[in-house]
Number of protein chains: 2
Amino acid sequence: MAKRVSHWNAGCPVARALDVIGDWWSLLIIRDAFDGVRRFGELQTSLGIAKGMLATRLRDLTDRGILQTAPASDGSAYMEYVLTSKGRGLFLVIVALRQWGEQHLYQADEPRSSMIDRHTRAPVPRLQLHAKDGRRLTWRDTEVLKVAKDPGPAARRR
Amino acid sequence: MAKRVSHWNAGCPVARALDVIGDWWSLLIIRDAFDGVRRFGELQTSLGIAKGMLATRLRDLTDRGILQTAPASDGSAYMEYVLTSKGRGLFLVIVALRQWGEQHLYQADEPRSSMIDRHTRAPVPRLQLHAKDGRRLTWRDTEVLKVAKDPGPAARRR
DNA sequence: CGCTTCTAGTTCTATTTTAAGACCAGTTTA
DNA sequence: TAAACTGGTCTTAAAATAGAACTAGAAGCG
């Protein structure tokens, strides 16, 4: 290709977020990190990702402050990768993706992993967006206020 | 590259979701669709995406039931792309990405678009995950129950 | 201790994606 | 009726990916 275009300067937090974790593998690595997978080899077999890809993704995610390395908790001389606070902030992104996938991409009888409440062992209910006064908000109830105006990527390239 | 590997058969809704909307552009197209952008040309200039890319992305998203085409609402002979119900289901994914981006990727003084409540014009509060009994759930309170066991992509390729 | 195996990578190459621009047919506007 | 706009397709080059081969250091084993 030509170099993949960056969304960083779009003035939109969605675009900037995707610039950081919007590639094919990052969110899956982060999902595994939430599930307690910490070692390079564990990630590799769990994801079925090429080692080279995994190595560069882990480097990128570390550089961007989403993962950090720590000495292995089993006492060996190896490293492990754990989520930073910024990385843990992606929890609701993963939950939202999971819930959408469950609802729209599976037949009733297809087996799939599910997220449960550790205390009650019950399935986690659906995420909801509420206004300050408690009203439930759907996409119809919201609107995006655009910023002053960056000319946008196309214009910026001219 | 070699052909990008698919995550569809991983038995994880997150993986399957990313298989469908996990590429570099899809979620940005969907974000624009939520903001009311409907025409090919509007999308192209708004995103700064190459026309060829946009055309294939729109075809994919339509094939996958996330967008659908409709006769243009301005009476011209052209088409427009609108979200299906399945596509609108991605609302909370966009909101979660937006909120993470706002919180972790911007300096206080950087301008950025923001999402507001149409009725009160107030910023939309943060998404929260709650248990059935109303307790707020964080990543520490949840656990993913894996499914019976697909051997995983690496093993499947052997 | 010495040998083998495991871990966590790096390097290499073939193939596919992507970006970006040229080109084009049908539609709308002047 | 000519000019410009819309919504694409086609072509090309540069870059990302997958997959395999290779490697240095750490662990396990007898």
Side-chain angles (χ1 to χ4, degrees), chain A residues 1-8 18-19 21-29 32 37-63 67-82 152-158, chain B residues 1-8 18-19 21-29 32 37-63 67-82 152-158:
Chain A
M1 351 174 182
K3 179 182 275 173
R4 199 151 58 180
V5 312
S6 161
H7 310 308
W8 185 263
L18 289 172
D19 204 65
I21 47 89
D23 67 278
W24 204 239
W25 287 108
S26 291
L27 280 171
L28 287 176
I29 294 170
D32 271 12
V37 180
R38 297 155 166 261
R39 295 282 285 262
F40 186 96
E42 286 180 303
L43 285 166
Q44 208 234 317
T45 61
S46 157
L47 295 168
I49 186 178
K51 300 172 95 178
M53 271 279 78
L54 181 56
T56 61
R57 284 292 157 265
L58 289 174
R59 194 177 322 122
D60 288 355
L61 289 171
T62 311
D63 289 350
L67 293 176
Q68 68 190 107
T69 51
S73 47
D74 64 358
S76 75
Y78 298 110
M79 292 276 188
E80 52 188 39
Y81 295 89
V82 295
R156 218 180 301 115
R157 269 195 300 280
R158 282 197 289 267
Chain B
M1 345 175 181
K3 180 182 274 172
R4 203 154 53 179
V5 311
S6 160
H7 312 307
W8 184 264
L18 289 172
D19 204 64
I21 48 88
D23 67 277
W24 204 240
W25 287 108
S26 291
L27 280 171
L28 287 176
I29 293 171
D32 271 13
V37 180
R38 297 155 166 261
R39 295 283 284 262
F40 186 97
E42 287 180 304
L43 285 165
Q44 209 233 316
T45 60
S46 157
L47 295 168
I49 186 178
K51 299 171 96 179
M53 272 279 80
L54 181 56
T56 61
R57 284 292 156 263
L58 289 173
R59 194 178 321 123
D60 288 355
L61 289 171
T62 313
D63 289 350
L67 293 176
Q68 67 190 108
T69 52
S73 47
D74 64 357
S76 75
Y78 298 112
M79 293 271 191
E80 52 188 40
Y81 295 89
V82 295
R156 219 179 302 114
R157 267 195 301 281
R158 281 198 291 268

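Labels below follow one simple rule: chain letters A, B, ... track the order of the sequence lines, proteins then strands, and each chain is numbered from 1.
Asp60(A) has its CG atom 14 Å from the C1' atom of dT17(D), to the nearest Å. To the nearest angstrom, P of dT10(C) lies 13 Å from CD1 of Ile49(A). For the pair Phe40(A) CZ and dA8(C) P, the interatomic distance rounds to 8 Å; values are reported in whole Å. With rounding to whole Å, Leu43(A) atom CG is found 9 Å from dA8(C) atom P. Atom P of nucleotide dA8(C) and atom CG of Leu67(A) are separated by 15 Å, given to the nearest angstrom. In this structure, CG of Leu54(B) is placed 10 Å from C1' of dG8(D), rounded to the nearest angstrom. For the pair Arg4(A) CZ and dA19(C) C1', the interatomic distance rounds to 12 Å; values are reported in whole Å. Rounded to whole Å, atom C1' of dT7(C) lies 18 Å from atom CZ of Arg38(A).
The two atoms that bring Trp24(A) and Val5(B) nearest to each other are NE1-O, 2.9 Å, heavy atoms only. Across Met79(B) and Arg39(B), no two heavy atoms sit closer than the pair O-CD, 3.2 Å.
Residues Ala77(A) and Trp24(A) both approach DNA chain D. Their nearest nucleotides, taken by heavy-atom distance, put Trp24(A) toward the 5′ side. Of the two residues contacting DNA chain C, namely Tyr81(A) and Gly75(B), the nearest-nucleotide position lying further toward the 5' end is that of Tyr81(A).
Taken to the nearest 0.5 Å, the CD1 atom of Ile29(B) stands 8.5 Å off from the CG atom of Asp32(B). With values rounded to the nearest 0.5 angstrom, Gln44(A) atom CD is found 9.0 Å from Leu47(A) atom CG. If you take CG on Leu67(B) and CG on Leu43(B), they are separated by 8.5 Å, rounding to the nearest 0.5 Å.
Contact check, Arg57(A) against dT17(D): a side-chain N or O comes under 4.0 Å of OP1 or OP2. Taking side-chain N and O atoms only, Trp25(A) has no distance below 4.0 Å to OP1 or OP2 of dT17(D). Side-chain nitrogen and oxygen atoms of Arg59(B) include none within less than 4.0 Å of the OP1 or OP2 phosphate oxygen of dG7(D).
Between dT17(D), dG7(D), dT16(C), one nucleotide has an atom nearer to the side chain of Lys3(B) than all others, and that is dT16(C). Residue Arg39(A) places its side chain closer to dA8(C) than to any other of dA8(C), dT9(D), dT17(D). The listed nucleotides are dG7(D), dA26(D), dA18(D); the one nearest the side chain of Val5(B) is dA18(D).
Asp19(A) places a side-chain N or O within 3.5 Å of a backbone atom of His7(A) that can act as its donor or acceptor partner.
Using a 4.0 Å heavy-atom distance criterion, Ser76(B) is classed as a sugar-phosphate-only contact.
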Pull out every protein N or O sitting under 3.5 Å from an N or O of nucleotides 21-26 of chain C, one pair per line with the distance.
unit_1, atom_1, unit_2, atom_2, d
dG26(C), N2, Tyr78(B), OH, 3.2

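Residues Asp23(B) and Arg57(B) are paired through a salt bridge, judged by an N-O separation under 4.0 Å between the basic side chain and the carboxylate.
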